[in-house]
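Working notes for the structure below.
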Amino acid sequence: MDMHTVVVGTSGTTAEDVVAVARHGARVELSATAVDALAAARLIVDALAAKPEPVYGVSTGFGALASRHIGHELRAQLQRNIVRSHAAGMGPRVEREVVRALMFLRLKTVASGHTGVRPEVAQTMADLLNAGITPVVHEYGSLGCSGDLAPLSHCALTLMGEGEAEGPDGTVRPAGELLAAHGIAPVELAEKEGLALLNGTDGMLGMLVMALADLKNLYTSADITAALSLEALLGTDKVLAPELHAIRPHPGQGVSADNMLRVLAGSGLTGRHADVTGDAPRVQDAYSVRCAPQVNGAGRDTLDHADVVAGRELASSVDNPVVLPDGRVESNGNFHGAPVAYVLDFLAIVAADLGSICERRTDRLLDKNRSHGLPPFLADDAGVDSGLMIAQYTQAALVSEMKRLAVPASADSIPSSAMQEDHVSMGWSAARKLRTAVDNLARIVAVELYAATRAVELRAAQGLVPAPASQAAVAALRAAGAEGPGPDRFLAPDLAAADAFVREGRLVAAVEQVAGPLA
């Protein structure tokens, strides 16, 4: 586990901290300020619990059952029961990094001092993360309102020493055994604590934060592959001139155009429209080549909007009811996942479109009638071998699935809890399909990279000189094992190696060594 430590205070957290805890095993500590805030809020809850008047979440039932007043003797049982009854998820296990992000973000809200949870409960949450204990959370069970109830309930069940969890060695065992093995005492929930552990947008937010981290790398990677394809197709880089993008000042468009220009600096292939034997001179390149900055850039701007929403949510305390600074405990609707759900769906849409334009350039590289002098399917001996024909099939299948995943989840709502929760966000579902979309997009970009680097090499064999950054990309991809030695190295393309090369950021790193920092 990473020895980096993330300190959780009262004012939220950062996307970088979420990724550090979720993916890299960073340790978690509660700040002294957070412990004080937890204790102060708990005094307020205890005072309300002692009063005869019912207070929602403290001395009442929940949801459609909120009208029942619960006596002192049943309140501990009430808190246990809400966790047990809500831990009703089904389906395959959710990924470890998602569960860790969910747990960390719930701790972030608990530590704000707005939930009324005792300091020892928050400390136990941190202890679970630091021990590498990951509750078993299932794919289905959240409507995104009130927050991610079922996923969070399975995490709360582990805090109680119940249910199943995965240990740091990857073995799933009864949670009680794992806690005992790490010297962690199960928590006995008091008034409001069961509800406070369940009522948040933490799962969908964690997946949004990690998707944004992945998409930022993929958008820069797609700028690189678009530049390589433009170069291999002997396109013109004049369309990337800053003055053209200044008169349509969408920020992302200018960034993508600048990235592409940096990659193409020093190329001997660009702008050779009239020099291709047997071709009529081209006035313009196809849209998939010429409009890459506009499409990639619009996606970048959507990422920026999603970043703003994620930042606001990371600074939020999402619970119901909440403890306010003036001592009031108020019911509210802040648990509704709509703000997060919308941007999750927006990102699935732009990811699908980015995948689509990548595939169109790949197809153009492989078609001898449109590739301006490249061999059919970039084959070494067309007819004897099929080149990258079926690699494009794979890419097309992925693009087709991306289009289905782009259908918004947040446009749907199925009422629940006897019509008390009569409009829900489906944000968890939006997040789950976005994870698949991001996974697919990495593969799609990898196929274009594989085809474009092969095409650039073929141009070099024709006596043309690729850009230094392009040559660096070719060399790094080959060194990564995606291509074997000799003329037959493309007969069995290792697309998985190319995929890892892209998603791990090695493509961007290789190009930046020559082209300088890319955005």
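- Listed by first then second residue, pairs satisfying salt bridge (charged side-chain N to carboxylate O under 4.0 Å, His left out) with a partner in residues 136-157 read Glu139-Arg432, not counting sequence neighbours.
- Sorted by first and then second residue, the pairs that involve residues 148-196 and meet ring-ring contact (aromatic ring centres under 6.0 Å, His included), not counting sequence neighbours, are His138-His154.
- Side chain of Asp258 to main chain of Pro242: no donor-acceptor pair is present (N/O by atom type, distance under 3.5 Å, no hydrogens or angles).
- Ion pairing between a basic and an acidic side chain is recognised when a charged N comes within 4.0 Å of a carboxylate O; Asp319 and Arg106 show such pairing.
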Apply side-chain contact (heavy atoms from CB on, under 4.5 Å) to residues His24 and Val19 and explain how you reach the verdict. CA-CA 7 Å; His24 307 303; Val19 173; 4.0 Å; yes
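- Formation of a donor-acceptor pair under 3.5 Å by the Asp422 side chain with backbone atoms of Pro415 is not found in this model.
- Formation of a donor-acceptor pair under 3.5 Å by the Arg361 side chain with backbone atoms of Ser288 is found in this model.
- Under the 4.5 Å side-chain criterion, counting only non-hydrogen atoms from C-beta, Asn320 is not in contact with Leu195.
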Before giving the answer on salt bridge (charged side-chain N to carboxylate O under 4.0 Å, His left out), spell out for Arg435 and Asp439 the whole-Å C-alpha distance, their side-chain angles and the decisive distance to 0.1 Å. CA-CA 6 Å; Arg435 279 184 69 83; Asp439 232 17; over 6 Å; no
Enumerate, atom names and distances included, each donor-acceptor pair closer than 3.5 Å involving a side-chain atom of residues 334-352, sequence neighbours excluded.
{"residue": "His336", "atom": "ND1", "partner": "Ala338", "partner atom": "N", "Å": "3.2"}
{"residue": "His336", "atom": "NE2", "partner": "His423", "partner atom": "O", "Å": "3.0"}
{"residue": "Asp345", "atom": "OD1", "partner": "Ala409", "partner atom": "N", "Å": "3.1"}
{"residue": "Asp345", "atom": "OD1", "partner": "Lys433", "partner atom": "NZ", "Å": "3.1"}
{"residue": "Asp345", "atom": "OD2", "partner": "Ala409", "partner atom": "N", "Å": "3.1"}
{"residue": "Asp345", "atom": "OD2", "partner": "Ser410", "partner atom": "N", "Å": "2.8"}
{"residue": "Asp345", "atom": "OD2", "partner": "Ser410", "partner atom": "OG", "Å": "2.5"}

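- A donor-acceptor pair under 3.5 Å is formed between the side chain of Arg100 and the backbone N or O of Val21.
- Among all heavy-atom pairs drawn from Ala34 and Ala111, the shortest one is CB-O, 3.7 Å.
- Every residue two or more places apart in sequence or in another chain that forms a side-chain hydrogen bond (donor to acceptor under 3.5 Å, both in side chains) with Ser400 is listed here: Arg404.
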side-chain contact (heavy atoms from CB on, under 4.5 Å) between Ile82 and Leu189: does it pass, once the steps are laid out? CA-CA 11 Å; Ile82 190 174; Leu189 299 177; over 6 Å; no
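- Asn217 places a side-chain N or O within donor-acceptor distance of the main-chain N or O of Val502, the cut-off being under 3.5 Å.
- A heavy-atom distance below 4.5 Å is not found between the side chains of Leu152 and Leu197.
- Across Val399 and Ile444, no two heavy atoms sit closer than the pair CG2-CD1, 3.7 Å.
- Look at Arg42 and Glu191 and you find a salt bridge, because one of the NZ, NE, NH1 or NH2 atoms lies within 4.0 Å of a carboxylate O, short of that distance.
- Using a cutoff of 4.0 Å between basic side-chain nitrogens and carboxylate oxygens, Asp307 and Lys216 are scored as salt-bridged.
- Contact check for Met260 versus Val263: no side-chain heavy atoms found under the 4.5 Å cut-off.
- Listed by first and then second residue, the salt bridge (charged side-chain N to carboxylate O under 4.0 Å, His left out) pairs involving residues 114-129 are Arg118-Glu120, Arg118-Glu193 (not counting sequence neighbours).
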Side-chain atoms of residues 70-77: list all donor-acceptor pairs with protein atoms under 3.5 Å, sequence neighbours left out, distances to 0.1 Å.
{"residue": "His72", "atom": "ND1", "partner": "Arg75", "partner atom": "NH1", "Å": "3.3"}
{"residue": "Arg75", "atom": "NE", "partner": "Ile70", "partner atom": "O", "Å": "3.0"}
{"residue": "Arg75", "atom": "NH1", "partner": "Ala49", "partner atom": "O", "Å": "2.7"}
{"residue": "Arg75", "atom": "NH2", "partner": "Ile70", "partner atom": "O", "Å": "3.3"}

